[in-house]
Novice: 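Dropping the structure in here first, questions after.
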Amino acid sequence: MIVAEPARPAAPPNATPAYSSPIMSNESGECSILPAAEAAPPNVAPAPNVEAAELYNDARKFAPVNLLDEPHVKGSTSILPETLIATGAHFAAEAAVSRGREASTIRTLLPCLFEPRDFVSYGEVARFVVLKDYTVFIYGDESDTNPLYTISLETLTVEKENPKKLHKFSVTISPSINTNLAEEAYETVLLLDSKKKLECQFTFDVAKDKEMANNFILATQAMREISTSVGKRKGQMKK
């Protein structure tokens, strides 16, 4: 006959005393609730008197008019395209300007999710471009008083994009129907750094002037020659 082991003794009970409460009991066991303590009277100071509000229709009555009437930009800081052209610009024309597409890790890892090339319409990025003093001045329009931004050509090379071997980061301007290639009416010039990284691209409508892209490249070469000759003269003067 197999006999089970006796049960182990249980641990002694461990109880904590209940929190005290305002309920009191007398000797007979009857409970009573303590009355609420009287709170101190509030001590609130009256609000100070203020002047009556004044209605007005012209906000300038209370505005610093002398500051509002000041020009946003002090002095003459405008860089008009016509001024650059009149003072010896090497090139001025309309072009579609783009910084190219940005590098993307997702696009590199999952190229099937993207189009082979990005594209944009010519009119969407059309700008007015002026070359002077080895700098590209890029305006939103020929009538603008200041450029949107400028690009120095000091450390960049200029070359025409081969339509059969496109730069991987350039974008297609106004592609042909059912293709991701630009129409024959457009030619693109690339600005590249020493590592062939695309800094900016300029697409010209050669239907208006078939030599426009070539003239842009020739203008940059002319400015480089001028810059080089000036540097040589300065070196000779120092000797």
Novice: I'd like to check Phe202 versus Thr188 (side-chain heavy atoms, cut-off strictly below 4.5 Å). Are they in contact?
Specialist: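 Not touching, per the 4.5 Å side-chain cut-off.
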Novice: So which heavy atom on Gly140 is nearest to which on Arg127, and how close?
Specialist: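 Looking at all heavy atoms of both residues, the shortest contact is CA-CD, 3.9 Å.
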Novice: Considering non-hydrogen atoms only, spot the tightest contact between Glu94 and Phe128 and give its length.
Specialist: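 Closest approach of Glu94 to Phe128: N-CD1, 4.1 Å.
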Novice: Does the Thr145 side chain pair with the main chain of Ser78, one donor and one acceptor, at a distance under 3.5 Å?
Specialist: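 Checking the backbone N and O of Ser78 against the side chain of Thr145, no donor-acceptor pair under 3.5 Å is found.
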Novice: Say whether Val136 and Leu148 are linked into one hydrophobic cluster, either directly or through other cluster members, by side-chain heavy-atom distances under 4.5 angstrom.
Specialist: yes
Novice: Mind listing the closest non-hydrogen atom pair of Glu142 and Pro81 along with its distance?
Specialist: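 Between these two residues, the closest heavy atoms are O-CG, 3.4 Å.
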Novice: Compare every heavy atom of Thr220 with every heavy atom of Ile217, then report the nearest pair and how far apart it is.
Specialist: O-OG1, 2.6 Å
Novice: Taking C-beta and beyond as the side chain, do Glu161 and Thr203 meet within less than 4.5 Å on heavy atoms?
Specialist: no
Novice: Could you measure the distance from the CE atom of Met223 to the OG1 atom of Thr135? Nearest 0.5 Å is fine.
Specialist: 7.5 Å
Novice: What verdict does the side chain to side chain contact (heavy atoms under 4.5 Å, CB included) test give for Leu198 and Leu191, after you've listed the backbone C-alpha separation in whole Å, the side-chain angles of each residue and the deciding distance to 0.1 Å?
Specialist: CA-CA 6 Å; Leu198 179 64; Leu191 298 186; 5.7 Å; no
Novice: Please check if Leu218 and Phe137 belong to a single hydrophobic cluster, counting links between Ile, Leu, Val, Met, Phe, Trp and Tyr side chain heavy atoms closer than 4.5 Å.
Specialist: no
Novice: Is there side-chain contact between Thr155 and Ser194, with at least one heavy-atom pair below 4.5 Å?
Specialist: no
Novice: Mind checking the CD1-CZ spacing from Ile151 to Arg99? Nearest 0.5 Å is all I need.
Specialist: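 One finds 4.0 Å between CD1 of Ile151 and CZ of Arg99.
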Novice: Of all the heavy-atom pairs spanning Ser174 and Tyr122, show the shortest one and how long it is.
Specialist: OG-N, 2.8 Å
Novice: Output the distance between atom NZ (Lys168) and atom CZ (Arg101), rounded to the nearest 0.5 Å.
Specialist: 8.0 Å
Novice: Are Lys196 and Phe169 side-chain neighbours, meaning at least one heavy-atom pair lies under 4.5 Å?
Specialist: no
Novice: With rounding to the nearest 0.5 Å, note down the distance linking OH in Tyr186 to OG in Ser176.
Specialist: 9.5 Å
Novice: When rounded to the nearest 0.5 angstrom, what is the spacing between CG in Leu190 and NZ in Lys160?
Specialist: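 Here the interatomic distance stands at 11.0 Å.
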Novice: So do Thr172 and Asp118 actually touch side chain to side chain, heavy atoms under 4.5 Å?
Specialist: no
Novice: Going only through I, L, V, M, F, W and Y residues with side-chain contacts under 4.5 Å, is there a path from Phe216 to Leu156?
Specialist: yes
Novice: What is the minimum heavy-atom distance between Ala222 and His90, and which atoms define it?
Specialist: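 Nearest heavy atoms, Ala222 then His90: CB-CD2, 4.2 Å.
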Novice: Determine whether Leu192 and His167 make a side-chain contact, defined as any pair of heavy atoms from C-beta on separated by less than 4.5 Å.
Specialist: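 Of all side-chain heavy-atom pairs linking His167 with Leu192, at least one is under 4.5 Å.
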Novice: In terms of hydrophobic clustering (I, L, V, M, F, W, Y; side-chain heavy atoms under 4.5 Å; direct or indirect links), are Ile79 and Val130 co-clustered?
Specialist: yes
Novice: Decide whether Tyr134 and Val129 are clustered together by the hydrophobic rule: side chain heavy atoms of Ile, Leu, Val, Met, Phe, Trp, Tyr closer than 4.5 Å, transitively.
Specialist: yes
Novice: Quick one: does any side-chain atom of Gln201 pair with a main-chain N or O of Val171 as donor and acceptor, under 3.5 Å?
Specialist: yes
Novice: Distance check, rounded to the nearest 0.5 Å: Asp193 atom CG versus Thr157 atom OG1?
Specialist: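 So the gap between those two atoms works out to 7.5 Å.
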Novice: In the structure I gave you, are the side-chain heavy atoms of Met212 and Asp205 within less than 4.5 Å of one another anywhere?
Specialist: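 No, every pair of side-chain atoms sits at 4.5 Å or beyond.
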